[in-house]
2 protein chains.
Amino acid sequence: MKEILREIGMIARALDSISNIEFKEVELTKGQYLYLVRIVEHPGIIQEKLAEMIKVDRTTAARAIQKLELQGFVEKKDDDTNRKIKRLFATEKGMQAYPLLKREGEHSDSVALAGLSEEEADMLFQLLQRVRHNIEVDWEFVKKGNKRAY
Amino acid sequence: MKEILREIGMIARALDSISNIEFKEVELTKGQYLYLVRIVEHPGIIQEKLAEMIKVDRTTAARAIQKLELQGFVEKKDDDTNRKIKRLFATEKGMQAYPLLKREGEHSDSVALAGLSEEEADMLFQLLQRVRHNIEVDWEFVKKGNKRAY
DNA sequence: ATAATATTGTTGTAAATGCAACAAAATGGC
DNA sequence: GCCATTTTGTTGCATTTACAACAATATTAT
């Protein structure tokens, strides 16, 4: 019954592909939108947590954020007490790009959920959250170099 | 309510990441497993259709398959009547790798669906299929260079 | 049958991705 | 307080990804 996971993969790649094409309009290259929206929505988040949240390699996140900073979409601020971490914030430019990202996301959402009733969409969300919780345990396990048995 | 799409993105990236790490064991590098399983399951498929099926750029699929061929996992065969297309088939080596890919997929599946009843898993699958159908229309539209209005 | 368009496949190039390895600060155990 | 471990961040390198542009065959329209 692993069709479920294949469906998820197909949907995710299609959506990501669409977003990447559409966000060129605001000078965002492949993947950058993922980070920017979350930084806007979680001001002060650090990149390590952001990578975990997005489920992407730490070093990939590092470079994506580096580029966002270079382009002036976000800025890194030193923490008052912890000298190691750098807190991330959207700049004015980042904030200005946000509404488009939000609108696009909502549009894709409405396209994706077309024909589903409110209850169905709700049920889908609940189920997906549970799946995500289940799978993120394994993701962290495997990412840390451990081996799953099967 | 676009949390649904974010959940899907998180799950897909986590799963893909896990698979990529686990399939190094059989010399498959990033993404290759996607193509190989589908070629095994759809003998004679052509790469254009495969790219559509997976929802990946045609040229990305071309190179992934090229590499699979070079490594001896699949072979391209000329079609009898159509001189342009090349039909894809798994080789003996490809077939030998398949059981592991299948087992891994099933394991991830059972992990992902842990705690869901049969009915819930079923419902999830049905809903995801509908979402996928909805979104693939837009994917093809945007991929072909058209612009969505929103 | 011919011309116009669509399909399928390839290659050049630029960029993102992720692993390995490293460094430095923070945290936890004793 | 001190040492071991964990967390956080970075860079070098190899690979994948995708866009652009092209070529060749197939399909459709006239």
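A quick note: this is a predicted structure, and the numbers were derived from the prediction, not measured. In what follows, every chain begins at residue 1, and chains take the letters A, B, ... in the order their sequences are listed.
You'll find that the side chain of B:Thr29 is closest to D:dT16, out of D:dT10, D:dG9, D:dT16.
Mapping B:Arg87 and A:Gly31 onto DNA chain C via the closest heavy atom, the residue that lands nearer the 5' end is B:Arg87. In this structure, B:Ala61 and A:Arg63 both approach DNA chain D, and ranking their closest nucleotides by distance from the 5' end singles out A:Arg63. The nearest heavy atom of DNA chain D to A:Lys24 and to A:Thr59 marks one nucleotide each, and the one closer to the 5' end goes with A:Thr59.
In the hydrophobic clustering of this structure, A:Val142 does not group with A:Ile54; members are Ile, Leu, Val, Met, Phe, Trp, Tyr whose side-chain heavy atoms approach within less than 4.5 Å, directly or through other members. By the rule that hydrophobic residues join a cluster once side-chain heavy atoms approach within less than 4.5 Å of another member, A:Phe125 and B:Ile135 end up as members of one cluster.
Residue B:Lys144 is classed as having no contact, given no heavy-atom separation below 4.0 Å to the nucleic acid. Among the protein residues, A:Leu50 comes within range of no part of the nucleic acid, since none of its heavy atoms lies under 4.0 Å from any strand. Counting any heavy atom pair closer than 4.0 Å across all strands shown, A:Asn82 reaches sugar-phosphate atoms only and no base atom.
Between B:Asp79 and B:Lys84, no side-chain nitrogen of the basic residue sits less than 4.0 Å from a carboxylate oxygen of the acidic one, so the salt-bridge criterion is not met. Between A:Glu22 and B:Lys147, none of the side-chain N atoms (NZ, or NE/NH1/NH2) sits under 4.0 Å from a carboxylate O, so this pair counts as no salt bridge.
Between A:Arg13 atom CZ and A:Asp16 atom CG the span is 10.0 Å, to the nearest 0.5 Å. Atom-to-atom distance recorded for A:Leu101:CG and A:Ser19:OG is 9.0 Å, nearest 0.5 angstrom.
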Can you give the donor-acceptor pairs under 3.5 Å from side chains of residues 41-51 of chain A to other protein atoms, not counting sequence neighbours?
unit_1  : atom_1 : unit_2  : atom_2 : d
A:Glu41 : OE1    : B:Arg6  : NH1    : 2.8
A:Glu41 : OE1    : B:Arg6  : NH2    : 3.4
A:Glu41 : OE2    : A:Tyr98 : OH     : 2.6
A:Glu41 : OE2    : B:Arg6  : NH2    : 2.9
A:His42 : ND1    : A:Arg38 : O      : 3.2
A:Glu48 : OE1    : A:Arg58 : NE     : 3.2
A:Glu48 : OE2    : A:Arg58 : NE     : 3.2

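In this structure, CD of A:Glu48 is placed 5 Å from C1' of D:dT8, rounded to the nearest angstrom. With rounding to whole Å, A:Leu88 atom CG is found 12 Å from D:dT8 atom C1'. In this structure, CD1 of A:Ile18 is placed 15 Å from C1' of D:dA18, rounded to the nearest angstrom. The interatomic distance linking B:Asp80 (CG) with D:dA26 (P) rounds to 13 Å, in whole Å. Between the P atom of D:dT16 and the CD1 atom of B:Ile54 lies a distance of 15 Å, rounded to the nearest Å. What separates CD of B:Glu52 from P of D:dA18 is a distance of 15 Å, to the nearest Å. B:Gln47 places its CD atom 14 Å from the C1' atom of D:dA24, with the value rounded to the nearest Å. One can place CG of B:Asp79 at 10 Å from P of D:dT27, the figure rounded to the nearest angstrom.
For the pair B:Lys143/A:Ile21, a side-chain contact is recorded, criterion being any heavy-atom separation below 4.5 Å from C-beta on. Side-chain contact between B:Asp78 and B:Arg87 is absent, with no heavy atoms from C-beta onward closer than 4.5 Å.
Along DNA chain C, read 5' to 3', the first and last nucleotides having any atom under 4.0 Å from a heavy atom of chain A are C:dA15 to C:dA26.
Between A:Lys30 and D:dT16, a side-chain N or O to OP1/OP2 separation shorter than 4.0 Å is absent. Not one side-chain nitrogen or oxygen of A:Gln66 sits closer than 4.0 Å to the OP1 or OP2 atom of D:dG9. Phosphate proximity of D:dT15 to B:Gln32: absent, as no side-chain N or O sits under 4.0 Å from OP1 or OP2. Proximity of A:Lys49 to the phosphate of D:dT8: a side-chain N or O atom is located under 4.0 Å from OP1 or OP2. Proximity of B:Thr60 to the phosphate of D:dA18: a side-chain N or O atom is located under 4.0 Å from OP1 or OP2. Not one side-chain nitrogen or oxygen of A:Lys86 sits closer than 4.0 Å to the OP1 or OP2 atom of D:dT8. The shortest distance between the side-chain N/O atoms of B:Lys67 and the OP1/OP2 oxygens of D:dT17 is not below 4.0 Å.
An end-to-end axis angle of 50° holds for the helix from C:dA1-D:dT30 to C:dC30-D:dG1, taken from five base pairs per end and rounded to 10°.
The one candidate from B:Lys144, B:Arg132, B:Arg148 that meets the salt bridge (Lys or Arg N to Asp or Glu O under 4.0 Å) condition with B:Asp138 is B:Arg148.
Ring geometry, B:His107 versus A:Tyr150: the interplanar angle falls under 30°, so the pair is classed parallel (tilted spans 30 to 60°).
Between the side chain of A:Arg83 and the base of D:dG9 there is no donor-acceptor pair of N/O atoms closer than 3.5 Å.
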